[in-house]
Amino acid sequence: MLGMATGVVGCASDARDKWLRVFFDGVPSRSEAVVPVNVVSNAAPVRVQPVVVAEHIHAPFGSRECTGCHESKFSQKLSAPVPGLCFGCHDDFLKGSKVKHSPAENGECLGCHSPHKSKFVFLLNREGKALCVECHDDPGKDMNSRHDPVEKGKCTACHDPHGSANKN
């Protein structure tokens with residue numbers, strides 16, 4: 001079916017990417033916005049990059065190097081299991097950890113990190129405490145005293161989200 005669609009749509013980059021977005025999440029758009037330079041003088045339109053909300057982009061995704069992680073550029077299947085796939089490029093930060101956060105130890109990287117792009121640093125799915133309280137109880141809701149990092153939702157100011165030398 002995909003081959004038939006390619007034949008109908010053709011090999012033009014924009015058409016191909018539009019068709020791929022039907023089947024696959026995260027295929028970025030190559031199209032550019034056309035904005036008139038000067039409406040009063042009827043000057044010819046100029047191609048400019050569209051305004052993009054600040055995003056953090058995984059380098060292979062941004063470079064369209066899909067096969068760095070996937071079996072092919074048309075497949076969603078990963079070329080190796082996570083976290084081994086991730087540690088092919090990223091340092092294995094679990095090696096020196098005596099105590100490991102179970103999602104990190106179990107290779108559940110995608111539970112916290114987006115594989116392609118995110119509006120949050122480190123490609124996180126959510127920011128700060130909002131991510132932590134998806135699995136953990138909110139530590140600030142029953143506290144009698146104020147703890148600045150908890151108040152500001154900065155769990156990682158004290159806790160390493162992957163592993164550490166100490167429990168908790």
Side-chain angles (χ1 to χ4, degrees), residues 14 16-33 48-168:
D14 289 335
R16 185 191 69 229
D17 290 351
K18 185 176 180 182
W19 185 251
L20 285 174
R21 280 192 292 280
V22 169
F23 293 101
F24 306 110
D25 270 348
V27 176
S29 174
R30 294 181 197 217
S31 63
E32 299 173 328
V48 295
Q49 291 295 329
V51 177
V52 178
V53 176
E55 289 185 325
H56 300 274
I57 298 175
H58 194 222
F61 176 73
S63 302
R64 298 183 173 276
E65 297 171 8
C66 305
T67 56
C69 300
H70 297 276
E71 285 187 347
S72 79
K73 65 181 183 177
F74 300 109
S75 174
Q76 287 187 338
K77 187 171 182 183
L78 297 176
S79 57
V82 177
L85 177 64
C86 303
F87 293 147
C89 297
H90 300 281
D91 291 335
D92 184 350
F93 45 77
L94 293 173
K95 277 185 181 174
S97 299
K98 200 165 126 183
V99 179
K100 298 170 184 161
H101 190 217
S102 59
E105 185 176 32
N106 295 333
E108 298 169 11
C109 305
L110 303 179
C112 297
H113 299 277
S114 172
H116 295 133
K117 63 184 177 178
S118 172
K119 56 184 173 181
F120 306 113
V121 70
F122 304 119
L123 298 172
L124 291 172
N125 295 328
R126 298 197 188 294
E127 193 171 37
K129 183 170 127 178
L131 180 63
C132 299
V133 298
E134 284 185 354
C135 300
H136 300 280
D137 292 333
D138 183 350
K141 73 176 182 182
D142 295 327
M143 290 180 69
N144 293 329
S145 62
R146 302 253 185 236
H147 183 57
D148 195 51
V150 173
E151 291 284 314
K152 293 180 178 174
K154 297 188 179 282
C155 305
T156 57
C158 301
H159 302 276
D160 186 315
H162 301 114
S164 73
N166 305 305
K167 190 173 181 172
N168 298 324

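Under the salt bridge (charged side-chain N to carboxylate O under 4.0 Å, His left out) criterion, the residue pairs touching residues 76-99 are Glu71-Lys77, with sequence neighbours excluded.
Partners of Asp148 by side-chain hydrogen bond (donor to acceptor under 3.5 Å, both in side chains), not counting sequence neighbours, listed by chain and number: Lys152. Annotation: side chain to side chain contact (heavy atoms under 4.5 Å, CB included) contacts of Pro115 (sequence neighbours excluded): Leu110. Taking the side chain to side chain contact (heavy atoms under 4.5 Å, CB included) definition, one finds that Glu108 meets it with Pro103, Asn106, sequence neighbours left out. Glu134 is linked by a side-chain hydrogen bond (donor to acceptor under 3.5 Å, both in side chains) to Arg126, counting only residues two or more places apart in sequence or in another chain. Annotation: side-chain hydrogen bond (donor to acceptor under 3.5 Å, both in side chains) contacts of His70 (sequence neighbours excluded): none. Judged as a side-chain hydrogen bond (donor to acceptor under 3.5 Å, both in side chains), and not counting sequence neighbours, Lys154 has no contacts. Partners of Leu123 under the side chain to side chain contact (heavy atoms under 4.5 Å, CB included) rule, at least two apart in sequence or in another chain, are His56, His58, Ser118.
Within the 4.5 Å cutoff, the side chain of Leu131 has no heavy atoms near those of the Phe120 side chain. Residues Thr67 and Ser79 form no side-chain contact, since every pair of their non-hydrogen atoms from C-beta on lies 4.5 Å or further apart. Within the 4.5 Å cutoff, the side chain of His113 has no heavy atoms near those of the Asn125 side chain.
Minimum heavy-atom separation, Pro83 to Gly107: CD-CA, 3.4 Å.
In this structure, NE2 in His101 is found 7.0 Å from SG in Cys112, a value given to the nearest 0.5 Å. The structure places CZ of Phe122 at 11.0 Å from CD of Glu127, a figure rounded to the nearest 0.5 Å.
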Less than 3.5 Å apart, which donor and acceptor atoms pair up between the side chains of residues 155-168 and the rest of the protein, not counting sequence neighbours?
| from | atom 1 | to | atom 2 | distance (Å) |
| --- | --- | --- | --- | --- |
| His159 | ND1 | Asn168 | O | 3.0 |
| Asp160 | OD1 | His162 | N | 2.8 |
| Asp160 | OD1 | Gly163 | N | 3.4 |
| Ser164 | OG | Asn166 | N | 3.2 |
| Ser164 | OG | Asn166 | O | 2.7 |

